[in-house]
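All chains are named by letter (A, B, ...) in the order of the sequence lines, taking the proteins before the strands, and each is independently numbered beginning at 1.
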Amino acid sequence: MTTGAIRNSEDTHSLYLMVDGIHCAGCVQKIERTLAAFPALDLARVNLSTKRLTLKWHDTGFQSADAIKAVEAKGFRLVPYDPDNLETGKIRAERRLLKSMAVAGFAAANVMLLSVSIWAGAISDMGPGTRSLFHWISALIALPAIAYAGGPFFASAMTAIKARQLNMDVPISLAVILASAMSLYETIRGGEHTYFDAAITLLFFLLIGRYLDFRARAKARSAAAHILGLQATAASLVNKDGTIRTIPVRDIDPGMVLAIAPGDRIPADGIVLSGQSDIDTSLVSGETVPEKAEPGKKLFAGMLNLSGALRLTVENVGEDTLLAEIARLMEAAEQGKSRYVRLADRATRIYAPLVHIAGAATFLGWLLIAGLSWQGSLLIGISVLIITCPCALGLAVPAVQVVATSRLLQKGIILKSADALERLAKITMVVFDKTGTLTKGQLRLANASVLTDQDIELASALAANSTHPLARAIRSHAPDVAGLETATEIPGAGLEAKVAGKTIRLGSREFCGIESADISPDGPELWLKTQDKPGIQFIFEDDLREDAKAIISGLQHQGRAVMLLSGDRQASVLRVAETLSIDDARAGIAPKDKLKIIQSRIDQGHRVLMVGDGLNDAPALAAASASLSPATAADITQIAADAIFQGDRLGPVLELLSVADRARRLVTQNFALAALYNAIAIPVAVMGFVTPLIAAIAMSASSIIVISNALRLKYHK
Amino acid sequence: MTALLYLIPVALLLGGIGLAAFLWASKNGQFDDLEGAANRILFDDDKPPDEHEDSAE
């Protein structure tokens with residue numbers, strides 16, 4: 001599977017892999033030590049921040065598959081990824097910001113060195129000649145630095161102006177350019193005051209903020225990249241003459257026929273052309289029981305082929321696959337505008353022209369009314385431009401959202417839309433689905449008590465070499481039974497073997513020829529049929545998540561109502577409700593009834609969080625105030641949900657609600673801080689009490705305060 | 001006064017070296033994995049006793 005993934009350039013071969021299963025630095029050490037046993041590898045390094053492994057070697061005889069197997073034997077999953085698929089544009093933008101920040105920092109430090117000398121010299125005995133020299137040196141350092149480091153701001157301002165709009169970068173660029181131009185003029189004229197320090201320091205502080213913001217967003221973005229990384233990178237193309245050729249996934253086109261071997265991940269959306277198999281659809285549909293695949297069935301990229309070989313006619317590739325759609329939705333949602341952010345945006349849009357008007361009015365006011373020199377008036381005008389920058393207001397909400405998103409990501413919760421965070425605050429009622437939500441969605445043999453040991457052992461012997469989850473569940477009950485060598489697996493049906501002349505089958509109802517209509521299937525089941533004996537039924541069940549009880553009582557302690565709505569049978573729903581102490585539990589609920597119940601609660605004034613995973617939960621998820629689904633959920637459910645949580649613990653529900661509540665408090669605080677800052681700073685600036693340098697520091701301080709306040713979310717609890 | 005004439009260029013030169021070093025380090029990918037680098041100092045390279053038969057070092 002890695003043949004298409006290896007990058008070759010001159011004499012170096014590189015392989016990039018995403019690693020699943022890294023928890024800490026110890027895992028990094030384990031992997032790197034395992035790979036140290038392969039002397040042919042020139043480079044084997046794990047990036048702990050991005051959880052990616054890079055392998056480089058120049059020996060063409062080296063088989064990367066050996067190294068991969070060695071690492072996977074230690075318990076990690078490796079998936080090759082295409083580094084070209086990653087957002088190189090964003091990486092380049094980040095590098096540019098970092099370089100700008102470094103250059104601005106260097107220039108600011110040196111210009112301040114000279115500025116402080118001048119200020120000190122103003123009260124001692126620095127002559128005009130020395131002062132002028134220092135001005136010129138400051139100009140020589142600052143102007144090129146401003147031209148380079150100001151690039152990101154000037155470009156953004158130009159884009160906004162071309163679109164006939166004003167954004168925050170316009171007054172900043174204006175202030176910087178005016179200050180630089182005025183200072184240059186003063187330098188040439190031999191004047192007393194220059195403000196290169198203000199301009200370059202302003203850029204430096206702003207770049208720090210912008211760079212940190214960028215990095216924080218990059219972490220949130222990598223969730224989408226991770227999903228895309230789960231796609232296959234190489235595919236087997238079936239040519240017209242029947243021969244098979246390996247091609248990289250990016251070369252697949254609709255209409256091609258692909259050969260999917262057992263164990264392969266399906267690389268593109270398509271329809272089965274020929275073959276029979278069992279498919280693990282959990283990535284896309286959330287079903288734990290594999291689905292049967294036969295000609296005509298639609299399969300999606302990301303699904304895993306389990307037992308038989310298939311031929312697939314491709315329908316959608318790359319960006320058009322369901323998997324890419326989900327990743328795109330997540331990315332778009334992250335950039336999506338929430339109600340508060342939209343409010344802040346509108347405020348900024350009115351505010352930006354006001355800023356310029358205020359600056360111009362201040363300039364004219366001082367010039368004409370107070371009769372100050374044009375340099376002095378311009379100075380005060382620039383200070384007003386700088387200090388009225390609505391950076392704090394603009395950052396108030398996004399800062400909190402970014403910190404919240406990345407903290408949730410660390411706990412395995414992916415927030416799909418930005419305004420979800422607001423809707424998740426102040427939830428008064430949590431409605432749970434049963435299967436797959438309160439339960440793990442993993443199968444366990446349930447009726448072992450009514451089965452004889454021989455039956456279980458016989459079934460286990462048949463199931464020994466099958467990868468089917470139901471077979472594995474049986475196997476875990478009697479793992480030491482020797483497998484039957486003669487057992488054959490018929491994909492989509494079951495296992496068959498001949499023992500002592502008798503045919504034994506383990507599989508679906510039809511496969512085993514069971515007709516009795518009065519034993520209705522409660523859930524997942526397998527039948528064991530020995531030739532002349534009656535069939536034996538194996539029933540499977542789903543375990544509750546380990547911390548379900550603790551989380552439910554935690555929610556109840558927080559004063560939130562908890563309800564259980566399930567389409568499952570009365571008996572099993574009541575059993576679960578009792579175990580978890582949920583008073584309000586209903587069984588046999590149809591999808592539209594779930595919708596109605598949630599709607600009625602909302603009408604009563606509740607704010608309802610719906611947690612569900614099945615296809616039948618999607619309408620309810622859309623109707624609730626906010627929604628959450630486990631990562632094993634059906635694709636449509638995942639699209640409808642506001643957030644997705646990974647893993648098999650229920651803890652994320654509590655975590656998400658706590659973070660949302662706290663985020664809302666912090667956003668309110670931030671708005672207050674921004675408003676307070678503006679209320680104080682603007683009058684002070686208009687009255688001429690601040691120089692551009694102080695204005696730059698004050699404005700940056702307000703942004704830093706807002707961001708620091710947002711960062712409190714990271715360390716809370 | 002003459003001190004200034006060579007002190008300022010020296011300051012600029014030293015600052016410039018620092019800047020160049022930072023930019024080189026950034027290009028070299030040294031800032032790509034800050035968590036991993038922080039943890040690597042804790043790695044113990046001594047092989048545990050039971051692996052001695054297999055080690056080639």
Side-chain angles (χ1 to χ4, degrees), chain A residues 22 24-34 36-39 43 45-54 91 94-114 117 121 126-127 129-130 133-134 136-138 140-141 145 148-149 211 215 218-219 410, chain B:
Chain A
I22 292 186
C24 62
C27 301
V28 172
Q29 188 176 17
K30 220 197 270 185
I31 295 177
E32 290 186 348
R33 229 194 244 175
T34 309
F38 294 89
L43 175 75
R45 199 166 173 93
V46 178
N47 184 324
L48 181 57
S49 309
T50 56
K51 304 208 172 35
R52 294 187 186 144
L53 170 64
T54 306
I91 295 180
E94 190 182 309
R95 286 256 166 88
R96 175 72 159 98
L97 274 180
L98 185 63
K99 278 195 270 205
S100 301
M101 188 177 81
V103 168
F106 161 77
N110 284 292
V111 168
M112 282 306 281
L113 168 74
L114 296 161
S117 312
M126 182 186 278
T130 315
L133 174 68
F134 279 20
W136 275 107
I137 299 178
S138 300
L140 254 84
I141 300 173
Y148 178 74
Y211 178 69
R215 273 201 89 107
K219 276 211 193 135
Q410 274 172 353
Chain B
M1 182 55 196
T2 40
L4 283 174
L5 275 175
Y6 60 79
L7 276 179
I8 292 180
V10 166
L12 287 175
L13 182 70
L14 289 176
I17 293 177
L19 180 65
F22 178 77
L23 291 176
W24 170 84
S26 167
K27 198 162 176 205
N28 202 20
Q30 309 225 1
F31 293 113
D32 289 344
D33 182 18
L34 298 173
E35 285 169 43
N39 282 292
R40 255 172 233 283
I41 59 172
L42 298 172
F43 286 178
D44 187 2
D45 284 336
D46 301 333
K47 289 211 186 337
D50 53 55
E51 279 183 39
H52 263 308
E53 315 88 80
D54 304 334
S55 74
E57 300 225 344

**Request:** Could you check if a side-chain atom of B:I8 sits within less than 4.5 angstrom of a side-chain atom of A:L133, using non-hydrogen atoms only?
**Result:** no
**Qualifying residues under side-chain contact (heavy atoms from CB on, under 4.5 Å), relative to B:L14, sequence neighbours excluded** = B:V10
**Item:** Contacting region of B:F43 [heavy-atom separation from chain A under 4.5 Å]
**Value:** both
**Fill in**
Honestly, the part of B:L23 sitting under 4.5 Å from a heavy atom of chain A is side chain
**Request:** State whether the side chain of B:S26 and the backbone N or O of B:F22 hold a donor-acceptor pair below 3.5 Å, judged by distance alone.
**Result:** no
**Pick from B:A38, B:G16, B:G18 with the largest number of heavy-atom pairs that fall under 4.5 Å of chain A** = B:G16
**Asked** A:N47 versus chain B, heavy atoms under 4.5 Å apart: side chain, backbone, both or neither?
**Response** both
**Asked** Quick one: does NZ or CZ of A:R96 land under 6.0 Å from the six-membered ring centre of A:Y148, within 45 degrees of the ring axis?
**Response** yes
**Prompt:** Can you say whether B:L42 sits under 4.5 Å from chain A via the side chain, the backbone, both, or neither, judging by heavy atoms?
**Reply:** neither
**Message:** Counting only heavy atoms not in B:R40 (residues, nucleotides, ligands), do more than 12 fall under 6.0 Å from its CZ?
**Reply:** yes
**Item:** Heavy-atom pairs under 4.5 Å with chain B, option from A:R45, A:R95, A:K99, A:E32 with the top count
**Value:** A:R45
